[in-house]
There are 2 protein chains.
Amino acid sequence: MPHAAAATPQLLRRVNAQAVLRHIRGADVATGTELMALTGLTRASVIAVCEDLIGRGWIVELDQPRNEPHAGRGMPPVPRKGRPARRFAFNREAGFVLGLDIGAATTTAAVADLRGRVIGRSSGSFRAADIPALERIGVVDLACRKALEAAGADPGRVLAVGAGIAAPVDRDGNVLVTQRFWSLFDVGLRSALKELHGWTVLLENDANLAALGERWRGSGVGVDDLVVLLAGERLGAGVMESGRLLHGRGGAAGEMGYLDMVEGVGSSDGIAALVRQWSAADGGPSAGGPASAPRVFADAAAGDATALAILDRISERMARVIASIASLINPEQVVIGGAVAESAGVLLPGITALLPRFTATPPRVTVSPLGDAIVTAGAVRHALDYVEANALELALPAPA
Amino acid sequence: MPHAAAATPQLLRRVNAQAVLRHIRGADVATGTELMALTGLTRASVIAVCEDLIGRGWIVELDQPRNEPHAGRGMPPVPRKGRPARRFAFNREAGFVLGLDIGAATTTAAVADLRGRVIGRSSGSFRAADIPALERIGVVDLACRKALEAAGADPGRVLAVGAGIAAPVDRDGNVLVTQRFWSLFDVGLRSALKELHGWTVLLENDANLAALGERWRGSGVGVDDLVVLLAGERLGAGVMESGRLLHGRGGAAGEMGYLDMVEGVGSSDGIAALVRQWSAADGGPSAGGPASAPRVFADAAAGDATALAILDRISERMARVIASIASLINPEQVVIGGAVAESAGVLLPGITALLPRFTATPPRVTVSPLGDAIVTAGAVRHALDYVEANALELALPAPA
DNA sequence: GGCAATATATTTAGCTTGTATCTAAATTAC
DNA sequence: GTAATTTAGATACAAGCTAAATATATTGCC
């Protein structure tokens, strides 16, 4: 046990600067008086903190607005008396973050400014599922560079990279060593992006990022006890309790592959996979051809009895899974996300009706509005969380 | 949003005092030089902090030890050179805490000093299960007073009371309103003990407290991702992830009553209840009479086939429950505690062998060594956590 | 017993960050 | 143009920390 970081006077400035920065980031533009009220600091301190933050590049001082009393489309239509206030604004282009969704078949990169607005996006496909890690990394890197180019963002100004993969990732961002493939990829990706661009890569499980995304901009905004089921081909859960992601010992929290062995169903199948399996077992869809998930959903909408029966089975299965989660975690809300989320809306009434049979504490169940972007949204949020938590430690690159 | 508590210079002292107090509490006695190394502060600051803590009653300065170079049975057999150091010690009798286990039939109160040593204990029984809340509170209060008397502790010096009940309790210590009985009891208990003695009561779910206790002084010491199954008459889980207790939205996390509906078994039965049910169904134990859990365990140890079969069924059931937990939470360790914990040791090999069939991430499974005291131990720990977190806000009563 | 070596204690000066208070500046309203 | 209002800036000072110099108490050795 070496030093436990003594609290020196500088700590005060850090704490207060964080508070001021947080408020300015939320409000976009703030005056000294506002910040005094919000932080409880004196004007002198607020100003000192702001000058500090300006020096670090995190905020900028706006020049006085023209002599237009109620002009501007923004906030202040009120004709203000008194000496005009200095106005400080968050420098949303102090840098950028990247959010990556690295799947088995494809990868997507999203570039966002520091307020989380996505300003560039690009995808790439892997030649095959078993390509070497190095080739996979190449595809990821290309997607990143194309997304940055589309956004007109300098790669040197990327402050953090959030990346989601479909494997257990522990609290420190390390992949479970038993997952040989991803484990190698992990190390390679981080060192490659560090070496090529100097980026810090924050790895997370994709379902966990989906939970972050859903709580940020999905149907779970403001919900502290939230579970997101990423239920496309696979089935994984991202669990937030009291606003924190759960990882468990090896990052495998929410890896429900085996949860349904009681039913004897194949381990980690999501909705799309189940629909395929079960419709094949039932003799395929009405008009032959491959029984894709969208097809079965369409047939059910048209009243096809076989398709409806399959959806009923799916609903019950989902209800059982959600009930297990409800019994152990007691979330306020469960969100179904992933590739089939839009179609899954029709399952909601059935699931909701079944839940009370399986659990004493049924959560609200909704469907994600984020579609394909659910993981990248969460990855962006994850990167932003890192940047916000470490703002005062990060050295911003000089502005363009 | 009023003030967000500006960081003033006083904050530094609070942070540093907390750090110093934590170290002294852990080490029992510490010198200025030790504290400098541990906290990273200067000697001047360390001394100032210590004087401060002495003034508040949290630590005391020991007078210089006699001139006995290697004397004492304690630490310093090393003949020390130089000017002797001032020695500061944690004042373990600055106050006391109470830990309560409030069950359906009985209640137990434990008194502990501020290092957690239990120095008094007393139990009481309820006349019936459905007695009015007020009478129940009276029994609890009596147990508290008797335990304090046994400890020779002044009720006025109780700094916090941890209390465990067999009902969902949310993060703020409130009982789920749907639990009418406990919900009334909750309010009554807190206001009664506040009014009678001025005590602050911290309510928690009993399984959650069991988890705290097990991580403190049981078989899960140092394990951050720990689940404790309180499996006597009922079955409840206390879940810790990353060293924090999980509550969920309404405090019902770990209330697994319905988790086993897949097997059609009665909802929230623990091991003892199951043994009774199943042995009754199988025609009772070899020698007639009530098929109590200890009896079945004894019969199994003697080789009785029926009893062994029952224990096998119990093992599989526990394995399934633990596997569900492992899939969702991925704990490092699961501890089985409660009334039957000692006997449950014989189940461990069976459970451990089955686990890999039901989950990809099987945890270590152990049996609690804490016996009946598991909940009171956790309740004491809960109260101590509160006292330690709020030490600098609590005004200590003047010493006796 | 006296003295060097050693470890700790205490004092003093100075830095950072904060508060409190007073005065100056810039704008609106009349 | 002047008063009222609101914010800015400057000055004095308090809390808490560091750093460096000085003082004190003990051991070990001659």
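Predicted model, so just to flag it, every value in this text is computed and none were measured. For the numbers below, each heavy atom of this structure counts, side chains included, while hydrogens, waters and symmetry mates do not.
Applying the side-chain contact (heavy atoms from CB on, under 4.5 Å) rule to B:Thr31 yields the partners B:Thr33, B:Glu34, B:Ala85, B:Arg87; only residues at least two apart in sequence or on another chain are considered. Annotation: side-chain contact (heavy atoms from CB on, under 4.5 Å) contacts of B:Glu93 (sequence neighbours excluded): B:Asn91. Listed by chain and number, the residues in a salt bridge (Lys or Arg N to Asp or Glu O under 4.0 Å) with B:Asp28 are B:Arg92, B:Arg115 (sequence neighbours excluded). Under the side chain to side chain donor-acceptor pair (under 3.5 Å) criterion, A:Asn174 pairs with A:Arg190, sequence neighbours left out. Scored by the salt bridge (Lys or Arg N to Asp or Glu O under 4.0 Å) test, A:Asp224 finds A:Arg215 as partners (sequence neighbours excluded). Qualifying salt bridge (Lys or Arg N to Asp or Glu O under 4.0 Å) partners for B:Arg43, counting only residues two or more places apart in sequence or in other chains: none. By the ring-ring contact (aromatic ring centres under 6.0 Å, His included) test, A:Trp216 pairs with no residue at all, sequence neighbours left out. Scored by the salt bridge (Lys or Arg N to Asp or Glu O under 4.0 Å) test, A:Arg86 finds A:Glu51, A:Glu61 as partners (sequence neighbours excluded).
When the C1' atom of C:dA9 is taken as reference, atom CZ of B:Arg87 falls 16 Å away, rounded to whole Å. The interatomic distance linking A:Glu51 (CD) with C:dT16 (C1') rounds to 17 Å, in whole Å. Taking atom CG on A:Leu62 and atom P on D:dT7, their separation rounds to 16 Å, with Å as the unit. Rounded to an integer number of Å, the gap from CG of B:Asp63 to C1' of D:dT26 is 17 Å.
Distances shown here put every side-chain N or O of B:Arg86 at or beyond 4.0 Å from the OP1 or OP2 atom of D:dA25.
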Atom pairs under 3.5 Å, N or O on each side, protein against nucleotides 18-21 of chain C: can you list them with distances?
unit_1: C:dG18; atom_1: OP1; unit_2: A:Asn16; atom_2: ND2; d: 2.6
unit_1: C:dG18; atom_1: OP2; unit_2: A:Arg13; atom_2: NE; d: 3.2
unit_1: C:dG18; atom_1: OP2; unit_2: A:Arg13; atom_2: NH2; d: 2.6
unit_1: C:dT19; atom_1: OP2; unit_2: A:Thr42; atom_2: N; d: 3.2
unit_1: C:dT19; atom_1: OP2; unit_2: A:Thr42; atom_2: OG1; d: 2.3
unit_1: C:dT19; atom_1: OP2; unit_2: A:Ser45; atom_2: OG; d: 2.5
unit_1: C:dT19; atom_1: O5'; unit_2: A:Thr42; atom_2: OG1; d: 3.1

Please list each protein N or O that sits under 3.5 Å from an N or O in nucleotides 3-6 of chain D, with the distance.
unit_1: D:dT6; atom_1: O2; unit_2: A:Arg83; atom_2: N; d: 2.7

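Applying the salt bridge (Lys or Arg N to Asp or Glu O under 4.0 Å) test to pairs two or more places apart or on separate chains, those with a residue in residues 389-398 of chain A are A:Arg14-A:Glu393.
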Worksheet item: Given Watson-Crick or G-U pairs with both distances under 3.5 Å, what dot-bracket string fits DNA chain D, with | for other-strand pairs and [ ] for crossing?
Response: ||||||||||||||||||||||||||||||

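Residues A:His247 and B:Asp225 fail the side-chain proximity criterion, which asks for heavy atoms closer than 4.5 Å.
In this structure, the side chain of A:Glu332 does not engage the main chain of A:Val223 through any donor-acceptor pair within 3.5 Å.
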